[in-house]
Engineer: 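This is the structure, below, for whatever I ask next.
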Amino acid sequence: MTGQLSPGDPVKLQTLAEAFGTSAMPVREALKQLVAEQALVARPNRSAIVPLLTAERLDEVRCIRVALEGMLAERAAARITAPTVQRLRMLHDDMCGAVHAGEIKRYLAKNQEFHFIIYTAADLPNALRLVQNLWLQVGPVMNFLLGGENKDKKTMLRANVTDIFEDNHFRVVEALDRKDGLAAREAIANDVNVAADYLLSLKHFKSVPS
């Protein structure tokens, strides 16, 4: 969900068990669950890999995210507290710093925290679980947002697309602060769409078979 793994990365049972200091059994069960949720693809020898999303699947996930996350943001506007809004402001500042420093992993972790603070505030646990599943599927490809495919792409992204990210995040915080649900929904929808449009423009999604 936070982009700590990239598309195509291997996920080995024994390596995970050692990393978490546990036996293989709970890791095996966790991997089975992630495969069932389409966050991983099972491979032989008790391993799995992070799947390579197709353009069609990413676009489908985008459409569902816009609907669900927009709804959650709109509902959150009526329920979110002032301290939570202040926490979002701090996270927004932290994300801006990470973008300009080119620290993609820090940005993605803070971005995930930012979004799920909003969605949790909506107090719709079933919808929240659906959104978590969608983020499991698309989190790895978010690594491409700051990586780009060449210098020109990377420069373009930092100069333009990330400015839009920052603007949409700022707009959603302001909307939540004034309890404007429709504006919060619009800002979240714009944020999801800008990221998806950029990702779908990359060569990666033109080369992955459907």
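Quick caveat, the model's predicted, so the values are computed rather than measured.
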Engineer: Quick check: closest heavy atoms across Ala184 and Ala175, and the distance to 0.1 Å?
Structural biologist: N-CB, 3.5 Å
Engineer: For the residue pair Leu52 and Gly8, what are the closest heavy atoms and their distance?
Structural biologist: CD2-N, 3.7 Å
Engineer: Can you label the angle between the His169 ring and the Tyr107 ring as parallel, tilted or perpendicular, going by 30° and 60°?
Structural biologist: tilted
Engineer: Report the C-alpha separation of Asn168 and Ile188 in whole Å, then their side-chain angles, then the decisive distance to 0.1 Å, and conclude whether the side-chain contact (heavy atoms from CB on, under 4.5 Å) test is met.
Structural biologist: CA-CA 7 Å; Asn168 283 323; Ile188 286 294; over 6 Å; no
Engineer: Side chains of Glu166 and His100: is there a donor and an acceptor less than 3.5 Å apart?
Structural biologist: yes
Engineer: Starting from the C-alpha separation in whole Å, work towards a yes-or-no answer on side-chain contact (heavy atoms from CB on, under 4.5 Å) for Asp9 and Ile49.
Structural biologist: CA-CA 6 Å; Asp9 280 356; Ile49 63 167; over 6 Å; no
Engineer: Quick check: closest heavy atoms across Leu136 and Ala39, and the distance to 0.1 Å?
Structural biologist: CB-CB, 3.8 Å
Engineer: Measure from the side-chain N and O atoms of Arg79 to the backbone N and O of Ala121, and report whether any donor-acceptor pair falls under 3.5 Å.
Structural biologist: no
Engineer: Of the non-hydrogen atoms in Arg178 and Ala183, which two are nearest, and what is the gap between them?
Structural biologist: NH2-CB, 3.6 Å
Engineer: Mind checking whether Leu182 and Leu176 sit in one hydrophobic cluster, side chains of I, L, V, M, F, W, Y counted as touching below 4.5 Å?
Structural biologist: no
Engineer: Is the gap between the ring centers of His92 and Phe114 under 6.0 Å?
Structural biologist: no
Engineer: Between the side chains of Glu113 and Arg87, is the shortest nitrogen-to-carboxylate-oxygen separation below 4.0 Å, so that they form an ion pair?
Structural biologist: yes
Engineer: Hey, could you give me the OG/CE distance between Ser6 and Met142, rounded to the nearest 0.5 Å?
Structural biologist: 12.5 Å
Engineer: Considering non-hydrogen atoms only, spot the tightest contact between Leu68 and Leu134 and give its length.
Structural biologist: CD1-CD1, 4.2 Å
Engineer: Whether the Glu29 and Gln33 side chains hold a donor-acceptor pair (N or O, under 3.5 Å, no angle test) is what I'd like checked.
Structural biologist: no
Engineer: Answer yes or no: are there more than 12 heavy-atom neighbours, outside Phe170 itself, under 6.0 Å from its atom CZ?
Structural biologist: no
Engineer: Tell me whether Tyr119 is reachable from Leu91 by hopping between hydrophobic residues (I, L, V, M, F, W, Y) whose side-chain heavy atoms are closer than 4.5 Å.
Structural biologist: yes
Engineer: With no hydrogens and no angle check, is any side-chain donor or acceptor of Asp191 less than 3.5 Å from a backbone partner on Ala187?
Structural biologist: no
Engineer: List the atom of Val61, the atom of Val138, and the distance in Å for their closest heavy-atom pair.
Structural biologist: CG1-CG1, 3.4 Å
Engineer: Does any N or O in the side chain of Lys105 come within less than 3.5 Å of the main-chain N or O of Gly3, such that one atom is a donor and the other an acceptor?
Structural biologist: yes
Engineer: Would you call Arg62 and Asp197 a salt bridge, using N to O less than 4.0 angstrom?
Structural biologist: yes
Engineer: Any side-chain to backbone donor/acceptor pair from Asn133 onto Glu37? Under 3.5 Å, distance only.
Structural biologist: yes
Engineer: How far does CD of Glu60 sit from CZ of Arg57, to the nearest 0.5 angstrom?
Structural biologist: 8.5 Å
Engineer: So do the side chains of Arg75 and Met71 get within less than 4.5 Å of each other, counting heavy atoms only?
Structural biologist: no
Engineer: As an exercise, state the distance from CG of Asp94 to NZ of Lys110, rounded to the nearest 0.5 Å.
Structural biologist: 5.0 Å
Engineer: Whether Asp167 and Arg171 form a salt bridge (side-chain N of Lys/Arg under 4.0 Å from carboxylate O of Asp/Glu) is what I want to check.
Structural biologist: yes
Engineer: Going through the distances and angles, do Phe116 and Trp135 end up as a side-chain contact (heavy atoms from CB on, under 4.5 Å)?
Structural biologist: CA-CA 10 Å; Phe116 278 87; Trp135 276 61; 3.5 Å; yes
Engineer: How far does NZ of Lys12 sit from CG of Leu31, to the nearest 0.5 angstrom?
Structural biologist: 13.0 Å
Engineer: Give the C-alpha distance, both sets of side-chain angles, the deciding distance and a yes or no for side-chain contact (heavy atoms from CB on, under 4.5 Å) between Leu72 and Ile118.
Structural biologist: CA-CA 8 Å; Leu72 289 171; Ile118 297 170; over 6 Å; no
Engineer: Is Thr84 reaching over with its side chain to a backbone N or O of Ile80, donor-acceptor style, under 3.5 angstrom?
Structural biologist: no
Engineer: Taking Ile117 as the starting point, is it possible to reach Met90 by hopping between hydrophobic residues whose side chains are less than 4.5 Å apart?
Structural biologist: no
Engineer: When rounded to the nearest 0.5 angstrom, what distance separates CG in Asn126 from CG in Leu130?
Structural biologist: 7.0 Å
Engineer: With a 4.5 Å cut-off on side-chain heavy atoms, are Arg89 and Asp177 touching?
Structural biologist: yes
Engineer: Would you give the length of the straight line joining atom CG of Leu108 to atom CD of Glu103, rounded to the nearest 0.5 angstrom?
Structural biologist: 11.5 Å
Engineer: For Ala77, is there any backbone N or O sitting under 3.5 Å from a side-chain donor or acceptor partner on Asp180?
Structural biologist: no
Engineer: Does Arg106 CZ have over 12 foreign heavy atoms under 6.0 Å away?
Structural biologist: yes
Engineer: Verify the cluster assignment for Val50 and Val41: are they in a single hydrophobic cluster under the rule of side-chain heavy atoms below 4.5 Å apart?
Structural biologist: no
